[in-house]
Amino acid sequence: MSTAFSAGIRTALAGQAPVLEVEELSVRFTRRGEAGTQAVDGVSFSVAPGETIGLVGESGCGKSVTSLAVMGLLPGRGVQVGGSVRLDGQELVGAGDRTLRKLRGADMAMVFQDPLSSLNPTVTIGVQVTEVLRQHRGMNGKEATEEAADLLDRVGIPDPRRRLGEYPHQLSGGMRQRALIAMSLACSPRLLIADEPTTALDVTIQAQILELLRELVQGSGTALVMITHDLGVVAGLCDRVHVMYAGKIIETAERRDLFARPRHPYTGGLLASVPRLDTPRGTALTPIRGSARDAIPWAQGCAFAPRCDSGQDDCLTEVAGTTVPLEDDGPGRELRCRHPLATAPVAGSPTTSGADR
Amino acid sequence: MTAALGHRREKIDALAARAGQVPADGGGVSLTKSAFRRLRRDPVAIIGAVIVVVFLLVAAFAPLLAPRDPLEQALLSQVRQGSIPGAQDGFPLGVDQLGRDVLSRLIYGSRQSLMIGVISTVLGAVVGMALGVLAGAFGGWADTLVMRFVDILLSIPGLLMAISISVLLGQNQYALMIAIAVTQVPVFARLLRGSMLAQRDSDYALATKALGVKRSRIVFTHVLPNSLSPVIVQGTLSLATAIIEAAALSFLGLGDPDISRPEWGAMLASAQAVLSFRPQLAIYPALCIIVVALGFTLLGESLREALDPKFRR
């Protein structure tokens, strides 16, 4: 109910039908004779054309699995995917291999975390870029090479013709990620998922890559889903942010609202733990207690309760057999918490690694 | 020896230079190039390579190198019961019990041994790799089917299987090659399958899949080339085994029945009769078999080290 409502708001804001609608997506990893692990648990969100959303959370919260489920890249065996994923209205959950293959690379694409291991070390960059063009745009040798050089040029790789003949190990980390972005954008996809695209890069390169993504997406109306644990990336790039914890979205807000008034104690903790330049030297960082492994099943209350500072007794009790619901919390906001933080703004917003303009 | 070594060095240099033709200014060295660089520095690899190259050259130029016709019974008249003429002018290693020049027979014999070794290894590798690709690329029931078949092949001792097959196919050199090839198949199949399974879960395979590339293309352009290096190493090591097996089968009388083609295993077998008073006739071919197998093994082992990223410097 609330999902449909907020999706409505976003659609109205963007004035266009959403590119991607994810509804009640759940992913369960099963093993013979074992209970299985619920990696993603009823996640819903949507992205409008030209919009950038962020999926934020620490390792193991289910953000990468969400993206793989959207792309249909989870292994067939041992995984149960439920709910619905629609790309321009076309249902992807349960779609055939052939259908998905035609959509991947053409209408939806993904940029992965580690640009070195995401490139085949034994094949030249040229072969890997033209591969997409041959597959989806039916281009032949020369035409594809021209277009590939053009693509590399567009993502800011100098001397693209020479680079086409080189192997991945001959490119710098930033250039590799640029090449991967070029491949994923080769067919001007409607949706681009970037799974921590800057984690393996150094800070100056991170800013360049984020700037590149922003330019490419704004120019083409591609919807961008940024998966990250870096709040700096979120601050620099995302329009809306979904914070995930233990497989569920726990807070959704516009970027500025989220940084100005985090409501969920987990979001508050994430923001408080970001290193800042304006604190005196020697001040210790403020971590969130415990680790993601301390999460309890949602069925027993709030998964974050064991680590939460503002938790109370009823956070750990089951209310009428339902988990803590995701409820509307002011305009454009949703929250899954019984004892949210006060609405008083926290001072300032964290330093950004992408330029916040 | 030093000349051969220098020659070999030049050859490897040329190969390394060719591998490095892609401009290497992006930092880092290509895997092939660094593998060659390490091979060149490794004395074991050089010894192995020299042995292999020397034997290959001898086999290739046998008619030019052999001092005599290997079939000519030149000193048959001097062969007596209990005594065979030893080394003398024109016969550096003496003659066998039929008065034929031993050195010439060894030189010609290298052709048979190497040819059988190479052909049966290539045959075994091709069939084994086809099975490995089938299992590694498709997984599921294809994998189960192929791997159980391979397990059955593996459970039969190699020599026993080779003997049965060559008996089954009749006594000729093709039967011998097929018999040895069959014993090589399971090794290559298992190896390639395992290596492909590891590569199939790699990041780049997933990234390629995310770009909507066809599965067949992912397998043949991306997964397979990255899975080959252990197979190349195994190929070199298998050559040694194949040569030994070929000699063993001819020793057992299952080799090439055509006596116009001398063969080390057959020479060894016929030397049995005169072992008590002229053991050299057994020692020479045995040495050849050992040295050539050693050469391939040394080369294979150092190739394994050179291609292993853990040894990369």
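Just so it is clear: chains get the letters A, B, ... in the order the sequence lines come, proteins before strands, and each one is counted from 1.
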statement: The interface call for Leu116(A) against chain B, heavy-atom contacts under 4.5 Å, is neither
field: For Ala207(B) against Ser118(A), the heavy-atom pair lying closest together
entry: CB-O, 3.6 Å
- prompt: Considering only heavy atoms, which portion of Leu119(A) lies under 4.5 Å from any heavy atom of chain B: side chain, backbone, both, or neither?
  reply: backbone
message: Can you confirm whether more than 12 heavy atoms, excluding those of Arg200(B), are under 6.0 Å from its CZ atom?
response: yes
query: Closest heavy-atom contact between Pro225(B) and Thr122(A)?
result: CB-OG1, 3.9 Å
- request: Taking all non-hydrogen atoms of both residues into account, name the closest pair between Asn120(A) and Thr221(B) and its distance.
  value: ND2-O, 3.5 Å
- prompt: Would a 4.5 Å heavy-atom cut-off, applied to side chains only, mark Leu206(B) and Phe112(A) as touching?
  reply: yes
query: Looking only at atom types and distance, does a side-chain atom of His222(B) sit under 3.5 Å from a main-chain N or O of Gln128(A), one as donor and one as acceptor?
result: no
message: Tell me the closest heavy-atom pair linking Gln135(A) and Val213(B), and the distance in Å.
response: OE1-CA, 3.7 Å
- prompt: Does CG in Asp97(A) sit with more than 12 non-hydrogen atoms of other residues, nucleotides or ligands closer than 6.0 Å?
  reply: no
query: CZ of Arg98(A) to CZ of Arg215(B): how many Å apart, nearest 0.5 Å?
result: 11.5 Å
- prompt: Side chain, backbone, both or neither: which part of Met183(A) has an atom under 4.5 Å from a heavy atom of chain B?
  reply: both
Closest non-hydrogen atom pair, Thr208(B) against Glu131(A): CG2-OE1, 3.5 Å
Heavy-atom proximity to chain B below 4.5 Å, by part of Arg134(A): neither
Residue Met175(A) versus chain B: region with a heavy atom under 4.5 Å: neither
query: What are the two closest heavy atoms between Met110(A) and Ala210(B), and how far apart are they?
result: CB-CB, 4.3 Å
task: Assess whether atom CZ of Phe29(A) is packed by more than 12 heavy atoms of other residues, nucleotides or ligands within 6.0 Å.
output: yes
